[in-house]
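Lettering follows sequence order; numbering is per chain, from 1.
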There are 2 protein chains.
Amino acid sequence: MTPRTNARILTDTIADIFVREGFDGTSLNYLANQTGLGKASLYHHFPGGKREMAVAVYDRVSATFTREVLARLAGRGDLELRLTRMAQALDRFYDGGNRACLIDVFSIGGAREGFAEKLSEAVSYWVSSIARTLCEAGVEKATAQMRAEDVVISIEGALVVARATGNTEPFRRIIEAMPARLLGG
Amino acid sequence: MTPRTNARILTDTIADIFVREGFDGTSLNYLANQTGLGKASLYHHFPGGKREMAVAVYDRVSATFTREVLARLAGRGDLELRLTRMAQALDRFYDGGNRACLIDVFSIGGAREGFAEKLSEAVSYWVSSIARTLCEAGVEKATAQMRAEDVVISIEGALVVARATGNTEPFRRIIEAMPARLLGG
DNA sequence: GTCTATAAGCAGATAGAC
DNA sequence: GTCTATCTGCTTATAGAC
């Protein structure tokens, strides 16, 4: 039993490392040490090597984001409640500002090749998911797009600042202010 | 003549590479190819190797930022004019959104060790430089700090989004809106 | 100040036993 | 599915000639 569960735990462990160390900063030796597996065992799970591991990590993180964060936008309740729930989900997803975003990390160095399109689509999908929700609640299209863009930008920026300073307070402030900003406060 | 100038050109070339490839993604072979020097020649200029090159790059970029961007805040003219000049200087410094920020890049992977403190100070210095300027113009201290933080966050975020999507329009929008945001618009 | 040559070690990746 | 052992090439770094 639970073969898929073990695969998921393995991918999560690898994801943590890619997120902290970046693609180029992550070595197979380190992955082997941290997962408790030998390098050859990692290749059993990911025949394509480091690159395939990164793809598996990206796909898993991306799926989690859609399910845990973006799905809140389409939930029940009025607009403000759904935006607040998305904000709370973002706080959990990024571990209160302590976890980097793969969109940032994988857009640097050797990971770009092969991820460029996926990263671009991820940003667009995130922005347009928010914008669509605002539109459906009556916000004018261009305004909704701009607010959504601003909010995504502020999240990414707050994560950079948190990582550089070790201070997650600005991130939490951004999260808290997010619903009001999207509503045009 | 111009030994220092050549050293600066060399450091600028290396800086471009670190900014694009990250610390871990930058190899000495690549640096040698791009600078037109042999690896041994690079060690002549930077006996401490890759690490010393990164420090030289950071110090140079940091000095340029202080001189070209932050100095605009202390210039002549009323507050709005100085903020607009800072925004224009930021646009140039980040090449209209096409150039990554070292605060972002060096906070990932192997560069963190040895740069953590510098990066933290860089963010603090940037934020407090803006906040001080607002305070001197009569803005309440906590408000000034928050607005400055928000603006720095939005710049970092817009650079991430630009890098991930290849679209620099959000960055330019953030730059343009910056003076009004700081003035409380 | 630049070069060629080279060292020593680590990178990603594979073979084959169990 | 995991392991040990190994391969090849690239990594950082140095020695020493010019």
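Around CD of A:E80, the count of heavy atoms belonging to other residues, nucleotides or ligands within 6.0 Å does not exceed 12. Remark: A:E169 CD is loosely packed, at most 12 non-hydrogen atoms of other residues, nucleotides or ligands lying under 6.0 Å away.
Listed by first and then second residue, the salt bridge (charged side-chain N to carboxylate O under 4.0 Å, His left out) pairs that reach into residues 118-133 of chain B are B:D59-B:K118, sequence neighbours excluded. Residue pairs meeting the salt bridge (charged side-chain N to carboxylate O under 4.0 Å, His left out) criterion with at least one member in residues 32-47 of chain B: none, sequence neighbours excluded. Listed by first then second residue, pairs satisfying salt bridge (charged side-chain N to carboxylate O under 4.0 Å, His left out) with a partner in residues 16-36 of chain B read A:R112-B:E21, B:D16-B:R99, not counting sequence neighbours.
Side-chain contact between A:V105 and A:F23 is absent, with no heavy-atom pair separated by less than 4.5 Å.
Remark: B:R172 does not engage B:D91 in a salt bridge, criterion side-chain N to carboxylate O under 4.0 Å.
End-to-end axis angle for the helix from C:dG1-D:dC18 to C:dC18-D:dG1, using five pairs per end and rounding to 10°, comes out at 0°.
For the residue pair B:T11 / B:R60, no side-chain donor-acceptor distance below 3.5 Å is found, with atom types taken as modelled.
Formation of a donor-acceptor pair under 3.5 Å by the A:D78 side chain with backbone atoms of A:L81 is found in this model.
Non-hydrogen atoms lying under 4.0 Å from DNA chain D are contributed by B:T26, B:S27, B:L28, B:N29, B:K39, B:A40, B:Y43, B:G49, all within residues 24-49 of chain B.
Residues B:Y30 and B:L28 are members of one and the same hydrophobic cluster, defined by side-chain heavy-atom contacts under 4.5 angstrom among Ile, Leu, Val, Met, Phe, Trp and Tyr.
Contact footprint of chain B on DNA chain C: nucleotides with an atom under 4.0 Å from a non-hydrogen protein atom, first to last in 5' to 3' order, C:dG1 to C:dT4.
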